Amino acid sequence: MEFLERLNPQQQQAVQAGEGPVLVLAGPGSGKTRVLTYRIAYIIGELGVRPYHILAVTFTNKAAQEMQHRVEQLLGPQAHGLTLGTFHATCARILRREAEHLPFTSSFVIYDADDQLTLVRQALDDLNLDPKRYTPQSVHAAISNAKNELALPDEFPLQNYRDEVVKRIYSRYQDLLAGSNGLDFDDLLLWTTRLMQEFPEVREKYARRFEHVLVDEFQDTNMAQYTLLKHLASFYRNIFVVGDTDQSIYAWRGADYRNVLRFERDFPDTQVILLEQNYRSTQSILDVAMAVIDRNPARKPKRLFTDRGQGEKILIHETYDDREEAAYVVETIARLVASQAAQPGDFAVMYRTNAQSRLLEEAFLHAGLPYKLVGAQRFYGRREIKDIIAYLRLVYNPEDEVSLLRVINVPARGIGEKTLALFRSLAQKSKSAPGRLLLELGRNNHSPHLEALPGRAVAAMAQFGSRLNTWCAQAEELAPLSLMDRILEEVDYRSYIDDGTDEGRERWENVMELRRLAGEYQERGLVTFLEDVALVSDQDTLETSANVPSLLTLHAAKGLEFANVFIVGLNDGLLPHARSFDDPEGMQEERRLFYVGITRAKDRLYLMTPLNRSAYGYSEPTVESRFLKDIPVELLEEVGLSRRRTRTSSPYRPDRWEPSLSHSQRLIEPQYSPGAKVFHPVWGEGMVLNSRLQDDDEIVDVFFAEVGLKRVAASLAKMERKI
DNA sequence: ATGGACAATGTTTTT
DNA sequence: CATTGTCCAT
């Protein structure tokens with residue numbers, strides 16, 4: 001196969017490894033995705049295995065899509081029929097097919113993190129427990145851990161009194177899930193694994209089907225996932241895993257990098273292949289990365305090397321506070337773009353906590369420069385989006401109590417708390433799901449189980465129930481988009497959410513964005529839509545097309561690469577995070593997180609340390625991150641504060657009341673486009689960064705070599721365009 | 001039942 | 001400080 005020539009000897013060895021277990025330990029930027037895709041191509045093209053018999057699992061949809069795409073590039077249509085997806089999506093598919101063996105039906109809904117907390121709160125309420133003493137978050141973490149260890153409530157490990165209580169909550173939580181025909185994220189893995197464990201004939205079926213199993217980011221697997229993989233590979237034992245223990249950053253989610261060690265123990269005939277050559281970064285960046293990660297005890301030492309040359313030194317920059325830090329980041333990006341040293345899309349800004357994105361966003365907004373932000377929660381966590389999804393989920397599965405309770409009085413239809421409490425207890429007594437009773441009430445205008453409800457409430461509920469009936473009947477033939485349109489129309493959602501304020505308008509625009517998304521599921525249908533929406537990862541929301549800087553957490557950065565990387569907020573307490581101070585394992589993970597961030601950079605790396613940080617509105621002095629002390633000074637270059645003019649160079653103040661023009665109002669055409677060179681009689685030569693039309697004029701952001709960033713109105717400034 | 005005013009409380013990372 | 005929840009008046 002001629003494409004093998006494009007690989008180095010270690011990569012070739014991995015791709016062409018024979019049958020049996022293979023463990024590839026791949027350093028950052030060592031071409032592990034390439035190895036995985038070539039391996040799949042090799043199995044199909046060279047070993048003659050049909051794609052149907054191959055399973056490849058990843059952790060994000062984005063990674064899965066990328067792999068699918070690259071395999072197709074290598075093989076063309078021959079690649080069709082591969083099973084390639086995330087752990088969770090693959091499990092969901094198996095569970096829908098095998099639901100007959102399990103305590104739920106194939107039309108289960110998937111509950112997200114938010115719904116899970118709602119369920120825990122409900123369980124606490126049902127058991128009359130104090131949510132202050134048993135915070136929903138901590139209880140949920142305990143449940144999640146148990147599920148990762150494949151333990152149902154009966155097998156919940158008990159070590160103290162608190163565990164007894166948590167066990168009862170867990171038990172109630174599972175009952176609530178069962179009553180709603182719902183599964184949470186962890187259930188997807190748990191039930192698939194138990195299915196394989198308890199039904200040998202099912203296990204056999206899948207193990208015989210998947211002649212080859214391939215796994216990406218193996219260090220991120222938890223107990224359930226690892227056990228599942230062993231079942232799936234139990235017949236052929238052709239299991240090919242790729243990972244890097246130094247990039248294990250999800251221990252808090254149950255991931256256990258020691259699965260890499262277990263793998264070698266459980267499959268003693270494993271071929272171990274090391275990929276050390278880095279194709280991404282300059283040697284300076286790799287040297288810094290190694291200096292940081294070498295401090296972690298008990299790891300297999302790995303040398304990272306590249307033939308890309310030494311490259312520039314790593315820039316370390318101290319600012320007065322986090323505001324200035326953000327301003328410096330934005331200005332540096334603008335300067336490098338203006339000098340044509342880089343494109344806007346070549347930049348990424350990484351931080352430890354999501355809250356840190358705010359100042360950065362403000363700085364970009366202030367400079368009028370576009371950016372993109374990684375984070376599914378930002379969109380799917382919004383109230384209006386959750387409402388609409390809940391409506392759709394309810395239609396798909398009327399037993400979904402979480403969704404029912406969410407929307408039964410949204411928009412308000414006079415069904416209040418008291419009515420609902422009574423309704424729920426009546427449903428419990430009649431041993432049927434509240435949604436079922438509601439449907440019955442809608443059909444007959446009467447339900448024998450709901451006699452105790454006051455008349456006014458019954459009328460409101462009957463009307464809603466009747467609508468739900470219609471939607472359910474239509475759901476069969478209607479595509480997700482049309483169904484969503486009907487619901488929006490019939491409940492008059494727009495007038496509920498769009499109250500005329502800016503916020504209301506934005507909320508409605510979000511609904512329209514979801515509508516656009518639903519439009520992509522005309523053929524694939526409601527189930528797939530709901531499933532994809534439930535299982536999006538933050539990384540999946542990163543637009544790859546737009547050529548603008550990315551803002552993202554260090555966690556979300558894994559697997560990505562950028563020419564220029566800023567890591568901001570390098571203070572003790574943030575990175576490493578204060579919550580890990582007293583936990584050695586946690587501190588090691590913080591260090592790996594820093595390592596992941598560093599190794600995303602191809603050419604230039606900026607490490608930023610603000611001297612003060614504002615928390616809760618007050619600015620407080622900070623302590624420099626202890627990790628910085630591990631970097632030898634000769635690898636670093638300090639960038640001074642001297643010639644900065646952020647404060648004076650930007651007279652523009654963003655204004656909330658600034659009118660935005662619709663298409664019809666646009667009377668002029670833009671004259672300046674990003675990248676164009678201009679000459680200004682006073683400010684000299686500059687480069688256009690951004691331009692937009694406003695009030696019959698064109699507002700242009702220009703970076704001038706001599707005076708920095710300026711915002712000018714085209715009609716007033718006597719600028720010349722240069723060629 | 002609904003909406004407004006005020007208080008408390010919080011910041012880790014996410015499939 | 002900025003969001004979220006809780007209480008109270010309508």
Side-chain angles (χ1 to χ4, degrees), chain A residues 57-64 85-92 110-114 116-117 121 131-132 135-137 140-141 144 147-148 183-190 216-217 220-222 224-225 248-255 350-359 362 374-378 380-381 383 409-421 454 456-457 460 499 503 531-541 552-558 569 573-581 583 586-587 589-590 592-594 596-597 613-619:
Chain A
V57 279
T58 61
F59 276 84
T60 67
N61 299 295
K62 194 181 173 182
T86 64
F87 267 102
H88 294 265
T90 308
C91 286
I110 300 169
Y111 283 143
D112 68 17
D114 226 52
Q116 290 170 46
L117 285 182
R121 283 197 196 97
K132 289 233 167 69
T135 60
Q137 289 84 348
H140 175 250
S144 182
K147 289 189 174 184
N148 286 337
L183 299 188
D184 67 16
F185 287 141
D186 303 313
D187 281 337
L188 295 172
L189 306 172
L190 170 101
D216 192 14
E217 306 280 14
D220 286 335
T221 52
N222 62 29
Q225 285 160 331
S248 157
I249 53 175
Y250 286 108
W252 51 274
R253 207 167 83 188
M350 301 174 188
Y351 36 83
R352 176 66 236 264
T353 69
N354 277 308
Q356 290 170 263
S357 73
R358 188 131 111 210
L359 280 176
E362 278 170 17
V374 184
Q377 195 51 29
R378 282 229 146 45
Y380 291 99
R383 189 180 70 198
N409 201 30
V410 170
R413 26 179 100 83
I415 303 169
E417 220 169 310
K418 269 209 181 127
T419 314
L420 280 180
R456 223 184 27 208
D499 55 2
E503 198 194 334
E531 198 156 281
D532 285 4
V533 162
L535 297 177
V536 278
S537 75
D538 268 13
Q539 257 196 27
D540 300 333
T541 63
L552 68 177
T553 62
L554 287 163
H555 282 90
K558 194 165 68 156
L574 260 185
L575 187 72
H577 198 274
R579 288 176 84 119
S580 299
F581 280 166
D583 170 15
M587 285 300 276
E589 182 151 314
E590 296 289 316
R592 291 194 293 265
L593 195 52
F594 188 31
V596 166
R613 164 163 309 280
S614 31
Y616 307 128
Y618 294 97
S619 193

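Atom set for the values below is all heavy atoms of this structure, side chains included, hydrogens, waters and symmetry mates excluded. Numbers restart at 1 for each chain; the letters A, B, ... are given by sequence-line order, proteins then strands. Values in this document were obtained by computation on a predicted structure and should not be read as measured data.
- For Arg253(A), the salt bridge (Lys or Arg N to Asp or Glu O under 4.0 Å) test picks out no residue, with sequence neighbours left out.
- When distances are taken from the side chain of Thr419(A) to each of dT13(B), dA1(B), dT11(B), the shortest belongs to dA1(B).
- Comparing dT6(C) with dT11(B), their C1' atoms sit 22 Å apart, to the nearest whole Å.
- dT15(B) atom C1' lies 11 Å from atom CD1 of Ile110(A), rounded to whole Å.
- Note that CG of Leu535(A) and CD1 of Ile110(A) are 4.5 Å apart. Values are rounded to the nearest 0.5 Å.
- Among the atoms of the strands shown, only primed sugar atoms or phosphate atoms (P, OP1, OP2) are found under 4.0 Å from some heavy atom of Asn354(A).
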For nucleotides 2-6 of chain C, list the nitrogen or oxygen atoms of the protein found under 3.5 Å from its nitrogen or oxygen atoms, one pair per line.
unit_1	atom_1	unit_2	atom_2	d
dA2(C)	O5'	Arg358(A)	NH2	3.3

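- Nearest nucleotide to the Arg253(A) side chain, out of dT11(B), dT14(B), dA1(B): dT14(B).
- For the pair Leu574(A) and Tyr351(A), the minimum side-chain heavy-atom distance is 4.5 Å or more.
- Between Arg579(A) atom CZ and dG10(B) atom P there is a gap of 10 Å when expressed in whole angstrom units.
- Every residue two or more places apart in sequence or in another chain that forms a side chain to side chain donor-acceptor pair (under 3.5 Å) with Ser144(A) is listed here: Asp186(A).
- Contact annotation for Phe59(A): backbone-only contact, meaning every heavy-atom pair under 4.0 Å involves sugar-phosphate atoms and none involves a base.
- Stacking annotation: Trp252(A) is stacked on the base of dT13(B) (ring centroids less than 5.5 angstrom apart, interplanar angle below 30 degrees).
- Regarding contacts with the backbone of dC1(C), every side-chain N or O of Ser614(A) stays at 4.0 angstrom or more from both OP1 and OP2.
- Shown here are the side chain to side chain donor-acceptor pair (under 3.5 Å) partners of Tyr111(A), two or more places apart in sequence or in another chain: Asp400(A).
- The CG atom of Leu359(A) sits 13 Å away from the P atom of dC1(C) (whole-angstrom rounding).
- Residues passing the side-chain contact (heavy atoms from CB on, under 4.5 Å) test with Arg358(A), sequence neighbours excluded: Glu362(A).
- Listed nucleotides dA1(B), dT11(B), dT13(B) differ in distance to Ala355(A); the shortest reach to its side chain belongs to dT11(B).
- Remark: Arg456(A) pairs with no residue by the side chain to side chain donor-acceptor pair (under 3.5 Å) rule, at least two apart or across chains.
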Dump the pairs, protein N or O against N or O of nucleotides 2-9 of chain B, anything under 3.5 Å, distances to one decimal.
unit_1	atom_1	unit_2	atom_2	d
dT2(B)	OP1	Gly414(A)	N	3.1
dT2(B)	OP2	Asn409(A)	ND2	2.9

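- With rounding to whole Å, Gln137(A) atom CD is found 15 Å from dT14(B) atom P.
- In this structure, the CG atom of Asp114(A) is 14 Å from the P atom of dT15(B), given to the nearest Å.
- Set against dT15(B), dA1(B), dT14(B), the side chain of Lys418(A) has dA1(B) as its closest nucleotide.
- The side chain to side chain donor-acceptor pair (under 3.5 Å) test applied to Ser619(A) returns no partner, not counting sequence neighbours.
- Taking the six-membered ring for Trp and thresholds of 30 and 60 degrees, His88(A) and Phe185(A) have ring planes more than 60 degrees apart, a perpendicular arrangement.
- A straight line from OH of Tyr351(A) to P of dT13(B) spans 10 Å, rounded to a whole angstrom.
- Distance His140(A) NE2 to dT14(B) C1': 11 Å, rounded to the nearest Å.
- One can place CG of Leu574(A) at 12 Å from C1' of dT13(B), the figure rounded to the nearest angstrom.
- Glu590(A) pairs by the salt bridge (Lys or Arg N to Asp or Glu O under 4.0 Å) definition with Arg352(A), not counting sequence neighbours.
- Taking the nucleotide of DNA chain B with the nearest heavy atom to each of Arg456(A) and Ser580(A), the more 5' of the two is matched to Arg456(A).
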